[in-house]
Visitor: 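First the structure, which I've put down as structure tokens, then a few questions once you've had a look.
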Amino acid sequence: QVQLVESGGGLVQAGGSLRLSCAVSGRTFSNLVMGWFRQAPGKEREFVATINWSGRSTYYADSVKGRFTISRDNAKNTVYLQMNSLKLEDTAVYYCAARTSFVPTQKISDYNYWGQGTQVTVSS
């Protein structure tokens, strides 16, 4: 049973920063592609960022490129999302996801395991 547990969400002012963490257990972490997705109220879940097994390949949604950074620590079985210059429109529940493949993807349906989500609220 693979478990993903997110943490680090909260309330932050526009322009501020937050770092999300996602701890993974139940499977060899270095064999997993990891991704971050988000879902704002009344909207569909959308891709944010993904990272390959080694951390050398990363991909971002255009809306967060240059502001967010995804990284991973395979020794700690953890993936991170550093979010800087936060905007009001970044408010959402952020989900960590794992894919049992070596190929990163932006497609929600390609991910096999999901965390419970962590709320990020950006205020003005």
Visitor: Taking all non-hydrogen atoms of both residues, which atom of Ser124 and which atom of Gln13 are closest, and how far apart?
Guide: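 Taking Ser124 first and Gln13 second, the nearest heavy atoms are O-NE2, 4.4 Å.
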Visitor: Between Asp62 and Lys65, is there a side-chain N and carboxylate O pair less than 4.0 Å apart?
Guide: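 Answer for the salt bridge query: yes.
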Visitor: Donor-acceptor pair, distance only, cut-off 3.5 Å: does the side chain of Ser85 make one with the backbone of Gly15?
Guide: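 No.
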Visitor: Is it the case that the side chain of Thr91 and the backbone of Val122 share a donor-acceptor pair, with hydrogens and angles ignored and the cut-off at 3.5 Å?
Guide: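 Yes; at least one donor-acceptor contact below 3.5 Å.
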Visitor: Taking all non-hydrogen atoms of both residues into account, name the closest pair between Asp90 and Lys87 and its distance.
Guide: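 Looking at all heavy atoms of both residues, the closest pair is OD2-N, 2.7 Å.
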Visitor: Nearest 0.5 Å, please: how far is CD1 in Ile108 from CD in Glu44?
Guide: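 Rounded to the nearest 0.5 Å, the CD-CD1 separation comes out at 7.5 Å.
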Visitor: Taking everything shown except Glu89 itself, do over 12 heavy atoms lie less than 6.0 Å from its CD?
Guide: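 More than 12 heavy atoms, drawn from other residues, nucleotides or ligands, come within 6.0 Å of this atom.
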Visitor: According to a 4.5 Å side-chain heavy-atom criterion applied to Ile, Leu, Val, Met, Phe, Trp and Tyr, with indirect links allowed, do Val64 and Phe47 form part of one hydrophobic cluster?
Guide: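 Result: no, two separate clusters.
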Visitor: Checking the side chain of Asp110 only, and the main-chain atoms of Thr105 only, is there a donor and an acceptor separated by less than 3.5 Å?
Guide: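 Checked: no pair found.
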Visitor: Following the transitive rule for hydrophobic clusters with a side-chain heavy-atom cut-off under 4.5 Å over Ile, Leu, Val, Met, Phe, Trp and Tyr, establish whether Val79 and Val2 coincide in one cluster.
Guide: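 Yes.
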Visitor: Between Ser17 and Gln82, what is the shortest heavy-atom contact and its length?
Guide: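 Heavy atoms of Ser17 and Gln82 come nearest at CB-NE2, 3.9 Å.
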Visitor: Between Thr58 and Thr50, is the side chain to side chain contact (heavy atoms under 4.5 Å, CB included) condition met? List the steps.
Guide: CA-CA 6 Å; Thr58 57; Thr50 185; over 6 Å; no
Visitor: At what distance, to the nearest 0.5 angstrom, does OH of Tyr95 lie from CG of Leu20?
Guide: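 Answer rounded to 0.5 Å: 13.0 Å.
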Visitor: Using every non-hydrogen atom in the two residues, find where Leu86 and Met83 come nearest and quote the distance to one decimal.
Guide: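 For Leu86 versus Met83, the nearest heavy atoms are CD2-CB, 3.8 Å.
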Visitor: What about Tyr59 and Ile70, same hydrophobic cluster or not, with Ile/Leu/Val/Met/Phe/Trp/Tyr joined at side-chain heavy-atom distances under 4.5 Å?
Guide: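 The answer is no; the residues belong to distinct hydrophobic clusters.
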Visitor: On a heavy-atom basis, which atom in Ser21 and which in Thr78 lie closest, and how many Å separate them?
Guide: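 So the minimum-distance heavy-atom pair works out to CB-CG2, 4.2 Å.
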Visitor: Assigning hydrophobic clusters by single linkage (Ile, Leu, Val, Met, Phe, Trp, Tyr; side-chain heavy-atom cutoff under 4.5 Å), is Val33 placed with Tyr80?
Guide: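 Unlinked, Val33 and Tyr80 end up in two clusters.
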Visitor: Out of curiosity, Arg27 CZ to Asn112 CG, how far, rounded to the nearest 0.5 Å?
Guide: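 Going from the CZ atom of Arg27 to the CG atom of Asn112 covers 7.5 Å.
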Visitor: Starting from Trp53 and following side-chain heavy-atom contacts under 4.5 Å between hydrophobic residues (I, L, V, M, F, W, Y), which residues can be reached?
Guide: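 Joined to Trp53, directly or through intermediates: Phe102.
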Visitor: Flag yes if Trp36 and Tyr111 sit in one hydrophobic cluster, no otherwise; membership is Ile, Leu, Val, Met, Phe, Trp, Tyr, and two members link when side-chain heavy atoms are under 4.5 Å apart.
Guide: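 Each belongs to a different hydrophobic cluster.
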Visitor: Between OG1 of Thr28 and CG of Asn77, what distance do you get to the nearest 0.5 Å?
Guide: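 Thr28 OG1 to Asn77 CG: 8.5 Å, rounded to 0.5 Å.
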Visitor: When rounded to the nearest 0.5 angstrom, what distance separates CD in Gln116 from CG in Leu4?
Guide: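 The distance works out to 9.0 Å.
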Visitor: Tell me whether Arg72 contacts the main-chain N or O of Phe29 through its side chain, where contact means a donor paired with an acceptor under 3.5 Å.
Guide: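 Side chain of Arg72 to backbone of Phe29, a donor-acceptor pair under 3.5 Å: yes, one is there.
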Visitor: I need the Arg99 CZ to Tyr113 OH distance, nearest 0.5 Å.
Guide: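 Arg99 atom CZ to Tyr113 atom OH measures 13.0 Å (nearest 0.5 Å).
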Visitor: Is there a donor-acceptor pair closer than 3.5 Å between any side-chain N or O of Glu6 and the backbone N or O of Cys96?
Guide: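 Indeed, once roles are kept as given, a pair shorter than 3.5 Å links the two residues.
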Visitor: Name the orientation class of the two ring planes belonging to Trp114 and Phe37 (parallel below 30°, tilted from 30 to 60°, perpendicular beyond 60°).
Guide: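 The rings of Trp114 and Phe37 sit tilted, inter-plane angle from 30° to 60°.
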Visitor: For a 4.5 angstrom cut-off between non-hydrogen side-chain atoms, does Leu32 reach Thr100?
Guide: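 SC-SC contact between Leu32 and Thr100 confirmed.
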Visitor: Output, in order, the C-alpha distance, side-chain angles, deciding distance and verdict of side chain to side chain contact (heavy atoms under 4.5 Å, CB included) for Arg38 and Glu46.
Guide: CA-CA 5 Å; Arg38 67 186 182 186; Glu46 65 176 6; 2.7 Å; yes
